[in-house]
Number of protein chains: 2
Amino acid sequence: MMDESCPGKVEPILEILDSKWMLLLLFELFNGTKRFGELRRKLQPISPKTLTDRLRLLEEKGIVTRTLYPGVPLHVEYELTESGQGLQPIFAAMWTWTQQFGESLQERMDDRRMAP
Amino acid sequence: MMDESCPGKVEPILEILDSKWMLLLLFELFNGTKRFGELRRKLQPISPKTLTDRLRLLEEKGIVTRTLYPGVPLHVEYELTESGQGLQPIFAAMWTWTQQFGESLQERMDDRRMAP
DNA sequence: TGCATTAGTTTCAAAAAATGAACTATGGGA
DNA sequence: TCCCATAGTTCATTTTTTGAAACTAATGCA
């Protein structure tokens with residue numbers, strides 16, 4: 001499973017998760033459907049441009065849907081798709097790792113060593 | 001588990017995985033101890049500066065160890081620590097997600113929708 | 001008429017990240 | 001003496017990302 005071809009298979013998902021704000025954004029969406037302004041307030045001080053950029057990427061990748069509700073004032077709702085919900089185990093694994101090893105994340109370069 | 005405090009707990013690990021080349025680098029190290037030049041060749045066309053930056057970050061975080069072997073010419077080996085090995089489940093979860101949903105990653109904005 | 005609200009877009013500047021080319025240090029061997 | 005190989009470092013430049021400020025569109029209501 002962890003063979004040679006694996007990096008190429010995992011990188012597409014890192015392209016999604018890599019960018020600033022993306023994690024926080026996905027966490028908000030795990031807690032249910034959200035409107036643009038709502039997300040903007042929760043992720044303060046994100047700029048509307050960056051928020052739009054992130055949401056468009058998620059939309060392109062099929063991870064969220066965007067639903068427009070006409071009327072005055074109009075509003076828009078963002079919701080995770082099935083593949084969006086499917087990201088949860090990845091976050092769960094990160095959470096587990098942090099539980100196990102997070103303590104040792106303080107900066108320290110003390111264990112540089114020489115061969116015996 | 002997926003509560004309010006979760007993003008903050010998961011972000012430290014994203015700071016590690018986020019940067020360019022990092023995934024490829026970790027995959028190389030999953031396959032065993034590697035020397036600097038070996039990594040450089042495998043990750044072509046990475047620059048030596050970037051490779052050094054990545055390795056230093058992993059070292060600081062306690063994810064790899066660096067061992068210097070004196071002699072002429074000297075050489076250096078990089079090896080995953082226990083916490084480095086512990087990253088495998090995260091990659092495994094990414095791999096699983098890609099298996100399940102990777103097909104739908106093609107660009108497409110066709111499912112933008114209006115409320116009924 | 002013009003204000004209010006929602007959800008953006010546009011344009012340009014600033015900051016951060018990555019790169020490329022050239023350089024350092026070590027020390028044995030031709 | 002100079003060259004080889006290893007493992008980097010340094011500094012200037014380019015590329016990529018992010019951000020701030022101001023603007024647009026739709027439309028019911030005072």
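A note on names: the letters A, B, ... follow the listed sequences, proteins ahead of strands, and every chain is numbered from 1. Side-chain atoms are counted along with the backbone in the values below, which use heavy atoms only and exclude waters and symmetry mates.
- When the side-chain nitrogen and oxygen atoms of B:Arg35 are compared with OP1 and OP2 of D:dA7, one or more of them lie within a distance under 4.0 Å.
- Contact annotation: B:Arg40 does not reach the phosphate of D:dG8 (side-chain N/O to OP1 or OP2, under 4.0 Å).
- OP1 or OP2 of D:dG19 has at least one side-chain nitrogen or oxygen of A:Thr50 nearer than 4.0 Å.
- Taking each heavy atom of A:Met114 and B:Leu68 in turn, the nearest pair found is SD-CD2, 3.4 Å.
- One atom, NZ of B:Lys49, and another, C1' of C:dT19, lie 9 Å apart when rounded to the nearest Å.
- Here the P atom of nucleotide D:dT10 and the CZ atom of B:Arg56 are 11 Å apart, to the nearest Å.
- Note that CD of B:Gln85 is 9.5 Å distant from CG of B:Leu29, once rounded to the nearest 0.5 Å.
- Residue A:Lys20 has a polar side-chain atom (N or O) positioned under 4.0 Å from OP1 or OP2 of D:dG19.
- Residue A:Asp53 contributes atom CG, which lies 12 Å from atom C1' of C:dT10 at whole-angstrom precision.
- Two residues, B:Val76 and A:Val72, neighbour DNA chain D, and the one matched to the more 5' nucleotide by heavy-atom proximity is B:Val76.
- For A:Phe36, whose side chain is taken as the heavy atoms from C-beta onward, the closest listed nucleotide among C:dA7, D:dT18, C:dT9 is C:dA7.
- Rounded to whole Å, atom P of C:dA4 lies 18 Å from atom CG of A:Leu74.
- Distances shorter than 4.0 Å separate some side-chain N or O of B:Tyr78 from OP1 or OP2 on D:dG8.
- Under 4.0 Å is where a charged nitrogen must lie from a carboxylate oxygen, and between B:Glu38 and B:Arg41 no such pair does.
- Rounded to whole angstrom, the span from the CZ atom of A:Arg41 across to the C1' atom of C:dA7 amounts to 12 Å.
- Here A:Arg66 does not reach the OP1 or OP2 of C:dA7: none of its side-chain N or O atoms lies under 4.0 Å away.
- Looking at A:Arg66, its side chain never comes within 3.5 Å of a backbone N or O of A:Arg56 through a donor-acceptor pair.
- The distance between atom CG of B:Asp18 and atom C1' of D:dT18, rounded to the nearest whole Å, is 14 Å.
- At whole-Å resolution of the value, CD1 in A:Ile46 and P in C:dA7 are 15 Å apart.
- Spacing between atom CD of B:Glu15 and atom C1' of C:dA16 amounts to 14 Å, rounded to whole angstrom units.
- With hydrogens and angles disregarded, a donor-acceptor distance shorter than 3.5 Å links the side chain of A:Thr81 to the backbone of A:Gly84.
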